[in-house]
Amino acid sequence: MSSNESSSAMKEGKPITASLQHLIFYPSMKKSTYPTIAALHGRGTDANDLLPLIQSLALEDVLVIAPRAPLQINLGLGQGYAWYDLGEEEGPRPQTFRRSLELLRRFLAEIKAAYPVDPERFVLLGFSQGTVMAYAAGLTDPILVRAIVALSGYIPCRLDLSPEPGKLSRLRVFISHGTFDEIIPVQLGREAVELLKEAKADVVYREYPMGHEVREETLRDLEVWIKQLLS
């Protein structure tokens, strides 16, 4: 399914002026508030990238907000966007990472104030760099985020973002990782699980025989988890 097909199947709304450019899609049924997914794309793509994934979950009455990362990068064949520059050992370069995290946190506060977001059913869903940013936002402000879907990412502990033991008891997290991931090794996903469990987060972890990607098996497991969460 292409991004264009996904966009046409959801009711696109007019976005507010906010700290990050973004797309917003409303459910067909009008309510005062909605369960909400904020979708954080990976390096080199844009706000449309995760829309087909979300649509494949067949969720009803969910508000979807997809911000575009702030850094434009040249991919040779075209332009894409990133949340941070890569530094030593392919980890985030602190200056660009912290600037993007500041923008993201401000953006999340803005959309919760401007859109009909149910704060008790507010999910950050990320892939790759988007997962890193979802972790960073959720760990620095656990009151802001109810749940995280972490696809093929990791917690950037070198940037002082390790969760404090016992401090995340209200946070629910779904983590998936490929055992053959050549971009972000599976060991980093496993380390995130241990850190989050030590902080008392409710964690579901799944590994799949895949690379740096999302497969049908991932979507099936995620659909079960997220429908239970948002019901």
Side-chain angles (χ1 to χ4, degrees), residues 3 15 17-24 36-54 64-112 122-142 144-145 147-163 171 173-178 181-185 188-189 191-192 195-196 211-214:
S3 294
T17 300
S19 297
L20 294 171
Q21 293 189 28
H22 60 287
L23 304 173
I24 179 165
T36 302
I37 296 175
L40 310 182
H41 66 82
R43 176 180 170 83
T45 61
D46 60 24
N48 289 285
D49 187 56
L50 295 176
L51 299 181
L53 183 156
I54 293 172
V64 177
I65 302 172
R68 192 186 74 188
L71 302 178
Q72 189 172 48
I73 58 175
N74 191 335
L75 301 175
L77 297 176
Q79 300 289 338
Y81 295 86
W83 291 98
Y84 50 81
D85 292 329
L86 297 175
E88 295 181 2
E89 298 182 8
E90 299 299 303
R93 187 164 290 169
Q95 184 175 5
T96 56
F97 174 83
R98 295 195 184 283
R99 173 59 178 160
S100 287
L101 178 56
E102 177 185 342
L103 287 172
L104 177 59
R105 293 183 64 188
R106 190 186 309 159
F107 172 75
L108 296 178
E110 290 166 349
I111 62 174
K112 291 182 79 173
F122 183 64
V123 182
L124 286 184
L125 182 152
F127 175 74
S128 195
Q129 276 199 3
T131 289
V132 176
M133 299 307 298
Y135 276 142
L139 299 184
T140 55
D141 194 349
L144 184 67
V145 179
I148 294 173
V149 175
L151 308 175
S152 303
Y154 68 100
I155 296 174
C157 297
R158 294 184 179 181
L159 298 176
D160 300 322
L161 285 173
S162 296
L171 183 67
V173 188
F174 177 93
I175 302 173
S176 77
H177 218 107
D181 193 327
E182 71 286 3
I183 305 297
I184 298 177
L188 294 180
E191 289 174 5
L195 289 169
L196 290 165
H212 194 65
E213 59 188 311
V214 178

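This one's a predicted model, so the numbers in the text were calculated from it and none came from an experiment. Just so you know, residue 1 is the first one in the sequence shown, and it goes up from there.
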From [X] atom [atom1] to [Y] atom [atom2], the distance as rounded to the nearest 0.5 Å:
| X | Y | atom1 | atom2 | value |
| --- | --- | --- | --- | --- |
| Glu110 | Thr17 | CD | OG1 | 9.5 Å |
| Leu40 | Phe127 | CG | CZ | 13.0 Å |
| Arg105 | Asp141 | CZ | CG | 5.0 Å |
| Thr36 | Ile65 | OG1 | CD1 | 5.5 Å |

Mutual orientation of the aromatic rings belonging to Tyr84 and Phe97 [parallel < 30°, tilted 30-60°, perpendicular > 60°]: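 Rings of Tyr84 and Phe97: perpendicular, over 60°.
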Parallel, tilted or perpendicular, as decided by the 30° and 60° cut-offs, for the rings of His41 and Trp83: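 Rings of Trp83 and His41: tilted, as their planes differ by 30° to 60°.
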Verdict with reasoning, His177 to Ile184, per side-chain contact (heavy atoms from CB on, under 4.5 Å): CA-CA 9 Å; His177 218 107; Ile184 298 177; 3.8 Å; yes
Would you check if [X] and [Y] make a side-chain contact, meaning some heavy-atom pair closer than 4.5 Å?
| X | Y | answer |
| --- | --- | --- |
| Leu20 | Arg68 | no |
| Ile111 | Ile24 | no |
| Ser152 | Thr131 | no |
| Leu23 | Pro15 | no |
| Leu139 | Leu196 | yes |
| Leu144 | Lys112 | yes |

Set of residues satisfying side-chain hydrogen bond (donor to acceptor under 3.5 Å, both in side chains) with respect to Gln72, sequence neighbours excluded: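 Gln72: side-chain hydrogen bond (donor to acceptor under 3.5 Å, both in side chains) contacts with Tyr81.
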Tell me the closest heavy-atom pair linking [X] and [Y], and the distance in Å.
| X | Y | value |
| --- | --- | --- |
| Leu53 | Leu125 | CD2-CD1, 4.2 Å |
| Arg43 | Ala82 | NH1-CB, 3.9 Å |
| Leu86 | Gln129 | CD2-NE2, 4.0 Å |
| Leu108 | Ala137 | CD1-CB, 4.1 Å |
| Pro70 | Ser100 | CG-OG, 3.2 Å |
| Gln79 | Ile73 | OE1-O, 3.1 Å |

His212 (side chain) donor-acceptor with Ser128 (main chain) under 3.5 angstrom: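 Side chain of His212 to backbone of Ser128, a donor-acceptor pair under 3.5 Å: no, none is there.
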side-chain contact (heavy atoms from CB on, under 4.5 Å) partners for Ala192, two or more places apart: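 Ala192 satisfies side-chain contact (heavy atoms from CB on, under 4.5 Å) with Tyr135, Ile155 once adjacent residues are dropped.
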Test salt bridge (charged side-chain N to carboxylate O under 4.0 Å, His left out) applied to Glu102 - qualifying residues, sequence neighbours left out: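 Once residues adjacent in sequence are excluded, the partners of Glu102 under the salt bridge (charged side-chain N to carboxylate O under 4.0 Å, His left out) criterion are Arg99, Arg106.
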Exceeds 12 heavy-atom contacts within 6.0 angstrom, atom CD of Glu213: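 Above 12, so yes.
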